Amino acid sequence: MPNTSKSSFASLPSMAPAFVRVLMGNKPYAAAPGTSITPVELEVRRVTLSPAHLQRYREICGVPAGTRLPPAYLHTVAMPLHMRLFIAEKFPVKVLGLIHLRNTIRVYRDFPLDAPLALAVNFDTMRLTDIGQEYDFTTRYTLDGEIVWEEVSTMFARGNTPPKEGSKRPSIERSTHPPTGVKTDTLDIAENTGWQYARVSGDFNPIHLTARTAKMFGFKQAVAHGMWSMGRCLGAAASELPPGRIQVDTQFKLPVYLPSQALARTWPVDNGADIAMCTTRGDRLHLAMQVRPF
């Protein structure tokens with residue numbers, strides 16, 4: 001691919017230097033008009049999963065023991081490479097101003113946990129919308145050249161100021177009042193959830209850590225990581241998820257404050273499941289998911 005910036009690593013890079021560069025960087029909150037996108041691809045030639053790390057993820061996301069590899073877990077493993085992508089010279093905007101808008105994960109097949117995987121992260125897309133800019137990046141794990149897990153994350157940049165609490169986002173077309181037969185779990189979300197997930201994922205974005213650091217970016221309290229909320233809902237729904245190849249489509253809406261309570265609701269649909277995370281009153285939606293075989 002012409003004009004592609006490409007880097008390879010023998011193992012996952014350290015997170016610490018990346019976060020220093022993110023905090024000290026001077027990229028804009030949105031790309032200037034006429035910005036030309038240069039694709040960026042980063043690779044790690046060999047990744048082996050850690051049973052201890054997986055267990056910590058299961059604990060913080062409430063995933064029952066003995067179930068298959070949690071669908072959102074490999075996003076966490078790839079987070080150091082995501083941070084390297086965000087600080088790459090050719091990635092056009094400041095990561096601390098981005099909002100995680102939606103996410104699609106495809107689980108192609110199970111594999112042995114000690115299998116050596118190859119990991120690649122690719123960025124090549126900027127879309128202009130009527131309210132801002134959207135950026136896609138793709139994460140892909142392969143085993144002996146075969147794709148076993150793939151993710152497309154869409155980030156949203158509103159403009160040249162940091163996002164504020166309650167900023168308008170594209171609507172989520174999911175009901176917070178699901179049909180009868182719904183499985184409902186009440187989630188008690190601890191104040192230190194942001195720190196716990198940060199230690200597992202390496203994502204130390206200040207908005208997730210303390211009320212004081214969150215207020216610096218326009219939030220009244222610390223907010224849970226979107227991928228933690230997603231992983232926690234998938235953990236609550238683990239017994240309802242279809243076997244085999246699945247696709248998980250997630251849209252993120254209102255922030256989940258720390259500490260708080262929320263409801264995780266799961267109901268069967270079309271050989272799969274729909275999942276919603278909402279306030280305990282059921283009147284405001286945090287996220288919505290579809291899990292389907294493919």
Side-chain angles (χ1 to χ4, degrees), residues 15-31 60-61 75-76 79-80 82-83 85-87 91-103 131-135 153-172 186-233 250-264 277-281 283-288:
M15 289 293 293
F19 261 100
V20 170
R21 289 175 63 185
V22 164
L23 292 171
M24 300 300 291
N26 58 0
K27 292 182 179 181
Y29 285 104
I60 185 58
C61 290
H75 174 97
T76 306
M79 190 63 198
H82 294 165
M83 290 303 302
L85 172 66
F86 289 139
I87 65 174
F91 190 78
V93 296
K94 189 188 299 287
V95 64
L96 290 180
L98 292 175
I99 297 169
H100 197 172
L101 193 63
R102 56 184 177 268
N103 184 280
I131 57 174
Q133 300 167 349
E134 292 184 1
Y135 297 89
S153 290
T154 300
M155 314 300 287
F156 175 67
R158 183 171 177 80
N160 287 319
T161 57
K164 297 297 184 182
E165 185 175 3
S167 294
K168 180 180 178 181
R169 307 179 194 182
S171 62
I172 299 176
T186 300
L187 309 181
D188 292 306
I189 306 170
E191 186 172 9
N192 66 348
T193 298
W195 277 109
Q196 289 183 346
Y197 188 78
R199 292 187 180 105
V200 170
S201 68
D203 182 354
F204 287 89
N205 187 325
I207 70 170
H208 303 305
L209 304 181
T210 69
R212 182 176 64 84
T213 56
K215 286 177 182 177
M216 296 168 58
F217 296 91
F219 293 88
K220 65 180 182 181
Q221 293 173 250
V223 297
H225 296 75
M227 292 303 294
W228 174 84
S229 298
M230 179 181 175
R232 183 66 183 88
C233 287
T250 304
Q251 293 177 301
F252 301 98
K253 182 61 173 176
L254 296 172
V256 178
Y257 292 116
L258 307 176
S260 67
Q261 281 190 327
L263 299 181
M277 186 180 192
C278 61
T279 61
T280 53
R281 293 173 57 184
D283 59 344
R284 305 182 77 198
L285 192 61
H286 296 304
L287 63 79

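Excluded from the calculations below are hydrogen atoms, water molecules and symmetry mates; all remaining heavy atoms, backbone and side chain alike, are included. Everything quoted here is computed from the prediction, not taken from an experiment.
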Could you give the distance from [atom1] ([X]) to [atom2] ([Y]), rounded to the nearest 0.5 Å?
X: Met83; Y: Ser201; atom1: CE; atom2: OG; value: 10.0 Å
X: Asn192; Y: Leu209; atom1: CG; atom2: CG; value: 11.0 Å
X: Ile131; Y: Glu134; atom1: CD1; atom2: CD; value: 8.0 Å

Heavy-atom pair of closest approach, residues [X] and [Y]:
X: Lys27; Y: Phe86; result: NZ-O, 3.0 Å
X: Glu191; Y: Pro259; result: N-CB, 3.7 Å
X: Met277; Y: Ser229; result: SD-CB, 3.7 Å
X: Trp228; Y: Ile60; result: NE1-O, 2.9 Å
X: Ala264; Y: Leu187; result: CB-CD1, 4.0 Å
X: Phe204; Y: Ala198; result: CE1-O, 3.5 Å

Short side-chain donor-acceptor distance under 3.5 Å, Asn103 and Thr250: no
Determine whether a donor-acceptor pair (N or O, by modelled atom type, separation under 3.5 Å) exists between the side chain of [X] and the backbone of [Y].
X: His225; Y: Asp203; answer: yes
X: Gln133; Y: Ala31; answer: yes
X: His286; Y: Pro255; answer: yes

Are any non-hydrogen side-chain atoms of [X] and [Y] less than 4.5 angstrom apart?
X: Phe217; Y: Asn205; answer: no
X: Ser260; Y: Gln221; answer: no
X: Leu98; Y: Phe156; answer: no
X: Val200; Y: Thr76; answer: yes
X: Met227; Y: His100; answer: yes

Name of the residue among Ile189, Val223, Leu287, Thr193 meeting side-chain contact (heavy atoms from CB on, under 4.5 Å) with Val256: Ile189
His82 and Met79: CA distance, side-chain angles, deciding distance, side-chain contact (heavy atoms from CB on, under 4.5 Å) verdict: CA-CA 5 Å; His82 294 165; Met79 190 63 198; 3.9 Å; yes
Geometric class of the Phe91/Tyr135 ring pair [parallel <30°, tilted 30-60°, perpendicular >60°]: tilted
Residue among Thr280, Thr279, Asp188, Thr186 satisfying side chain to side chain donor-acceptor pair (under 3.5 Å) with Gln261: Asp188
